[in-house]
Amino acid sequence: MARFTFRLPDIGEGIAEAEIVAWHVKVGDRVEEDAGLADMMTDKATVEMESPVSGVVVEIAGEVGDMIPIGSALAVIEVDDEGTGADESDESETPVEEQIDAENPDARTVERVEAAPAAEPTPEAVATREPAAIDVPVAPRPVEHGTVLASPAVRARAKELGVDLVQVKAREGGRVRHGDLDAYLSYTQGYRAGNAAPRADEPIKVIGMRRRIAENMAASKRHIPHFTYVDEFDVTALEAMRGDLNANRGNRPKLTMLPLLIVAICKAIPEFPMINARYDDEAGVVTRYGAVHLGMATQTDAGLMVPVIRNADSMNVWQLAGEIVRLAEAARSSKAKSEELSGSTLTVTSLGPLGGIATTPVINRPEVAIIGPNKIVERPVIRDGEIAVAKLMNLSISCDHRVVDGWDAASFVQAVRKYVETPVLLFAD
């Protein structure tokens with residue numbers, strides 16, 4: 001039998017290594033061509049590695065949570081003799097390397113590279129030699145197996161716990177989430193003969209997206225001197241206008257508060273360019289951006305991701321509403337592209353109806369500010385000496401005090417408030 005070495009391809013621009021977040025095979029398993037081998041995570045996205053050949057897995061690179069350098073062996077597969085053309089000796093393994101077109105990361109091919117001769121080839125030989133290559137489609141796809149939909153993090157946790165995901169009932173959209181797994185564990189390990197059985201301790205290895213989040217948040221708090229400013233907005237008129245717009249939206253997406261708030265932020269930014277900036281503290285350079293590339297903190301099964309609305313300042317509310325829905329779905333289904341998860345210049349984070357009274361969000365480094373709208377509540381207010389009921393919302397902003405002064409942050413929030421409390425200005429040129 002011949003052996004193929006599948007080497008980890010460059011699955012993200014400029015990365016040096018990727019993390020194993022899930023194995024779909026183990027040593028001794030037979031794997032078919034195009035079947036999943038492992039889920040690998042870069043700084044921004046998870047990509048499923050697929051086998052370009054059929055055979056038996058004889059070696060794998062490491063355990064879940066291990067970091068694997070680009071170009072190193074991920075798996076060794078003992079393949080069928082037919083049509084491989086591979087040398088059967090272990091000393092002359094034929095590597096299989098996967099390449100990605102930088103302009104079209106969804107189109108990927110696998111190149112079989114002939115084993116190099118012992119002697120160093122001459123420049124003339126290098127110039128004239130033609131590599132033997134075959135095109136095998138291995139486009140990234142959502143991590144789905146069988147009839148169970150689940151993220152790599154949920155699959156890895158279920159595997160560690162010895163839980164068959166087929167037995168776990170999904171409550172939303174047919175996709176098994178961590179909460180569904182918790183409910184299953186509570187049911188199977190919970191009440192026995194009317195008595196509550198104590199749940200066993202559950203050590204969970206911090207891997208994948210959760211590890212990335214931990215590292216990024218620690219770096220942000222370690223390097224950035226945060227301060228947070230909170231102010232109260234009266235959104236009564238804005239909510240009334242939003243209701244009117246939705247009632248006449250036709251086939252356009254339904255408006256939430258977020259696209260309206262983004263328009264207000266983008267209109268206020270030109271007067272406060274220090275807010276829409278990134279700080280390279282190693283080089284000592286602050287870059288103020290003309291366009292607003294707005295990061296949108298999104299909760300997914302794997303953890304918090306930040307898809308980016310490019311040129312948000314050039315979009316109207318309906319375009320923003322559509323882009324918000326598209327990017328959120330792409331992030332939650334692991335279909336977001338690398339370029340959709342990087343390059344933000346300012347981030348908005350919202351817990352929606354769970355927004356609470358106030359938040360102190362952590363800055364998405366190397367940005368210098370992050371904005372957090374909170375929950376809308378009805379409260380009594382005094383207007384012209386009379387008690388009235390108003391819809392109120394607190395808005396929080398955390399800033400990097402090395403770049404943004406407190407006066408500037410407060411003034412920026414006041415400018416945003418002007419647009420929010422006088423919503424007709426959102427549609428004025």
Side-chain angles (χ1 to χ4, degrees), residues 228-269 275-276 292-300 304-329 331-332 344 346-361 364 369-379 381 388-398 409 412-428:
T228 301
Y229 173 82
V230 183
D231 206 345
E232 184 179 72
F233 288 16
D234 186 337
V235 297
T236 306
L238 184 63
E239 279 288 84
M241 185 183 73
R242 185 172 72 89
D244 291 339
L245 290 171
N246 279 330
N248 297 279
R249 74 179 191 275
N251 58 359
R252 291 177 291 193
K254 185 176 181 180
L255 287 179
T256 64
M257 174 65 72
L258 188 55
L260 295 164
L261 180 60
I262 291 174
V263 172
I265 290 169
C266 290
K267 282 184 172 290
I269 282 292
I275 300 293
N276 187 46
V292 180
H293 303 306
L294 196 79
M296 181 180 67
T298 303
Q299 189 65 37
T300 74
L304 192 66
M305 302 180 72
V306 186
V308 181
I309 304 173
R310 301 282 175 188
N311 300 298
D313 52 313
S314 67
M315 297 183 182
N316 61 40
V317 290
W318 301 109
Q319 292 170 325
L320 286 167
E323 191 69 352
I324 288 168
V325 172
R326 185 189 72 80
L327 287 171
E329 177 56 30
R332 292 182 179 125
S344 55
L346 177 64
T347 293
V348 172
T349 179
S350 172
L351 293 175
L354 299 177
I357 297 173
T359 52
T360 57
N364 185 23
I370 184 170
I371 298 169
N374 296 282
K375 184 169 59 177
I376 297 174
V377 296
E378 285 191 334
R379 288 204 298 267
V381 296
V389 176
K391 293 183 177 180
L392 305 176
M393 179 190 78
N394 288 344
L395 186 84
S396 304
I397 184 170
S398 291
F412 169 72
V413 171
Q414 295 301 318
V416 174
R417 178 172 153 180
K418 177 187 70 174
Y419 289 106
V420 168
E421 295 190 348
T422 313
V424 67
L425 296 177
L426 295 176
F427 299 91

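- In this structure, the side chain to side chain donor-acceptor pair (under 3.5 Å) partners of D234, at least two apart in sequence or on a different chain, are T236, R383.
- Counting only heavy atoms from C-beta outward, the side chains of F233 and V416 approach each other to under 4.5 Å.
- Without hydrogens or angle criteria, N276 side chain to I269 main chain gives no donor-acceptor distance under 3.5 Å.
- Contacts of T228 classified as side chain to side chain donor-acceptor pair (under 3.5 Å), with partners at least two apart in sequence or in another chain: S398.
- We find the CE-OG1 distance between M305 and T298 to be 8.5 Å, quoted to the nearest 0.5 Å.
- Legend: residues meeting side chain to side chain donor-acceptor pair (under 3.5 Å) with E232, ordered by chain and number and at least two apart, are R379.
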Would you sort out whether L346 and I275 count as a side chain to side chain contact (heavy atoms under 4.5 Å, CB included), showing the intermediate values? CA-CA 7 Å; L346 177 64; I275 300 293; 4.0 Å; yes
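- Atom CG of residue D244 and atom CZ of residue R249 lie 13.0 Å apart, to the nearest 0.5 angstrom.
- When every heavy atom of P373 is checked against every heavy atom of M393, the shortest pair comes out as CB-SD, 4.1 Å.
- Checked by atom type and distance alone, the side chain of N394 never pairs as donor or acceptor with a backbone atom of N374 at under 3.5 Å.
- Rounding to the nearest 0.5 angstrom, the gap separating the SG atom in C266 from the CG atom in N311 is 10.0 Å.
- Nearest heavy atom pair, residue G295 against residue V306, reads CA-CG1, 3.6 Å.
- The local environment of CG in L425 is crowded, with over 12 non-hydrogen atoms from other residues, nucleotides or ligands closer than 6.0 Å.
- D231 places a side-chain heavy atom less than 4.5 Å from the side chain of R417.
- For N364 (side chain) and T347 (main-chain N/O), no donor-acceptor pair under 3.5 Å exists by modelled atom type.
- Put simply, OG1 on T300 and CZ on R332 are 8.0 Å apart, with the number rounded to the nearest 0.5 Å.
- Q299 contributes atom CD, which lies 12.0 Å from atom OG of S350 (distance to the nearest 0.5 angstrom).
- With rounding to the nearest 0.5 Å, the separation of CD1 in I371 from CZ in F412 is 4.0 Å.
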Candidate pair I262 and I309, rule side chain to side chain contact (heavy atoms under 4.5 Å, CB included), full reasoning: CA-CA 10 Å; I262 291 174; I309 304 173; 4.0 Å; yes
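- Using a cutoff of 4.0 Å between basic side-chain nitrogens and carboxylate oxygens, E323 and R326 are scored as salt-bridged.
- Nearest heavy-atom pair across R310 and H293 is CA-ND1, 3.7 Å.
- Screening V235, L260, V424 against M241 for a side chain to side chain contact (heavy atoms under 4.5 Å, CB included) leaves a single residue, L260.
- A donor-acceptor pair is defined here as one N or O able to donate and one able to accept, closer than 3.5 Å; such a pair exists between the side chain of S396 and the backbone of T359.
- K267 contributes a side-chain N or O that, together with a main-chain N or O of A428, makes up a donor-acceptor pair within less than 3.5 Å.
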Using the side chain to side chain contact (heavy atoms under 4.5 Å, CB included) rule, take E421 and L238 through it: C-alpha gap first, then chi angles, then the decisive distance, then the call. CA-CA 7 Å; E421 295 190 348; L238 184 63; over 6 Å; no
Evaluate the side chain to side chain contact (heavy atoms under 4.5 Å, CB included) criterion for residues L294 and V308: first the C-alpha distance (whole Å), next the side-chain angles of each, then the deciding distance (0.1 Å), finally the verdict. CA-CA 5 Å; L294 196 79; V308 181; over 6 Å; no
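- Closest non-hydrogen pair, Y419 versus A268, comes out as CE1-N, 4.1 Å.
- Looking at heavy atoms from C-beta onward, M296 lies in side-chain contact with L258 at the 4.5 angstrom threshold.
- Nearest heavy-atom pair, L327 versus P307, reported as atom, atom and distance to 0.1 Å: CB-CB, 3.9 Å.
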